[in-house]
Amino acid sequence: MNYLGPLVAGIDHPALHGYDVSQFAPSCYLVEIGEDAGVDGPLIEGDVLVVDEARTAQHDDLVIVDCDEEQRLYQAFRLGGSLLLIPPRDRSGAIRARQSLLRGVVVSQARRYGW
């Protein structure tokens with residue numbers, strides 16, 4: 001995951017062309033999926049995710065978590081008062097976490113088509 005910065009009008013990224021950024025809350029920021037995601041599946045290298053850091057994670061949300069000084073993407077599953085976080089590609093790397101450890105919930109995905 002590559003942090004791109006806050007979602008503001010005038011941000012220039014090919015995947016965001018045609019996006020109305022005013023539809024998102026001021027608490028949103030952007031991350032770009034890195035090359036480790038590959039090119040198969042619903043999330044691929046180069047996709048841009050809009051992340052809302054003020055939103056509370058619900059069951060089956062995609063969330064961003066700081067792990068080992070880098071941001072990582074997980075799918076959240078609620079288990080009582082905690083969350084089970086499962087990486088979308090390697091389902092064996094599940095971790096338990098509290099809401100306070102999350103850096104945001106993915107609210108939109110943008111993909112650049114064509115070159």
Side-chain angles (χ1 to χ4, degrees):
M1 307 286 302
N2 302 312
Y3 176 76
L4 298 178
L7 181 61
V8 294
I11 193 159
D12 187 33
H13 191 283
L16 295 173
H17 286 211
Y19 250 70
D20 177 11
V21 297
S22 67
Q23 69 178 327
F24 297 104
S27 56
C28 289
Y29 66 93
L30 300 171
V31 294
E32 183 177 38
I33 301 288
E35 62 186 39
D36 57 332
V39 294
D40 59 343
L43 297 170
I44 64 172
E45 177 185 355
D47 283 357
V48 173
L49 304 178
V50 179
V51 182
D52 189 342
E53 62 187 352
R55 188 173 286 198
T56 301
Q58 300 300 316
H59 186 75
D60 207 25
D61 278 343
L62 288 176
V63 297
I64 304 294
V65 178
D66 281 333
C67 292
D68 303 325
E69 298 183 20
E70 67 181 15
Q71 291 189 336
R72 295 189 185 165
L73 182 68
Y74 288 92
Q75 189 170 9
F77 296 92
R78 295 190 75 64
L79 296 173
S82 67
L83 298 166
L84 179 64
L85 303 178
I86 301 175
R89 297 216 16 111
D90 177 15
R91 309 291 269 165
S92 65
I95 60 172
R96 281 189 175 265
R98 295 231 174 257
Q99 187 77 35
S100 60
L101 296 177
L102 303 184
R103 297 299 166 241
V105 175
V106 175
V107 295
S108 187
Q109 174 185 357
R111 180 171 292 164
R112 176 181 170 188
Y113 291 99
W115 300 97

Starting at CE of Met1, measure out to SG of Cys67 and round the result to the nearest 0.5 Å. 11.5 Å

Given Ile33 and Ile44, is the side chain to side chain contact (heavy atoms under 4.5 Å, CB included) satisfied, shown in steps? CA-CA 7 Å; Ile33 301 288; Ile44 64 172; over 6 Å; no

Residues Glu70 and Arg72 bridged, charged N to O under 4.0 Å: yes

Leu7 side chain near Tyr29 side chain, heavy-atom distance below 4.5 Å: no

With the 4.5 Å side-chain cut-off for hydrophobic clustering, are Ile95 and Ile86 part of the same group? no

Is the shortest side-chain heavy-atom distance between Leu49 and Leu43 below 4.5 Å? yes

Test of understanding: with salt bridge (Lys or Arg N to Asp or Glu O under 4.0 Å), list the residues that count as partners of Asp52, not counting sequence neighbours. none

Go through the steps to decide whether Leu102 and Asp66 satisfy the test side chain to side chain contact (heavy atoms under 4.5 Å, CB included), and finish with yes or no. CA-CA 7 Å; Leu102 303 184; Asp66 281 333; over 6 Å; no

Spell out, yes or no, whether Val107 and Tyr19 are grouped together once hydrophobic residues are joined by side-chain heavy atoms under 4.5 Å, including indirect joins. yes

Transitive ILVMFWY side-chain link Phe77 to Val105, under 4.5 Å: no

Yes or no on side chain to side chain contact (heavy atoms under 4.5 Å, CB included) for Gln71 and Val31, after CA distance, side-chain angles and deciding distance? CA-CA 9 Å; Gln71 291 189 336; Val31 294; 3.3 Å; yes

Gap between atom NE2 of His13 and atom CD of Glu32 - 0.5 Å precision: 3.5 Å

For Arg103 and Val51, the nearest pair of non-hydrogen atoms, with its separation, is O-CG1, 4.2 Å

Of the non-hydrogen atoms in Ser82 and Arg96, which two are nearest, and what is the gap between them? OG-NH1, 3.1 Å

Distance-only check: which donor-acceptor pairs under 3.5 Å involve side-chain atoms of residues 56-64, not counting sequence neighbours?
residue : atom : partner : partner atom : Å
His59   : ND1  : Arg78   : N            : 3.3
Asp60   : OD1  : Gln75   : NE2          : 2.3
Asp61   : OD2  : Gln58   : N            : 2.7

Residues Leu16, Leu30; criterion side chain to side chain contact (heavy atoms under 4.5 Å, CB included); working and verdict: CA-CA 10 Å; Leu16 295 173; Leu30 300 171; 3.5 Å; yes

Which pair of heavy atoms, one from Pro87 and one from Leu85, lies closest together, and at what distance? CD-O, 4.1 Å

Could you measure the distance from the CG atom of Leu83 to the CZ atom of Arg98? Nearest 0.5 Å is fine. 9.0 Å

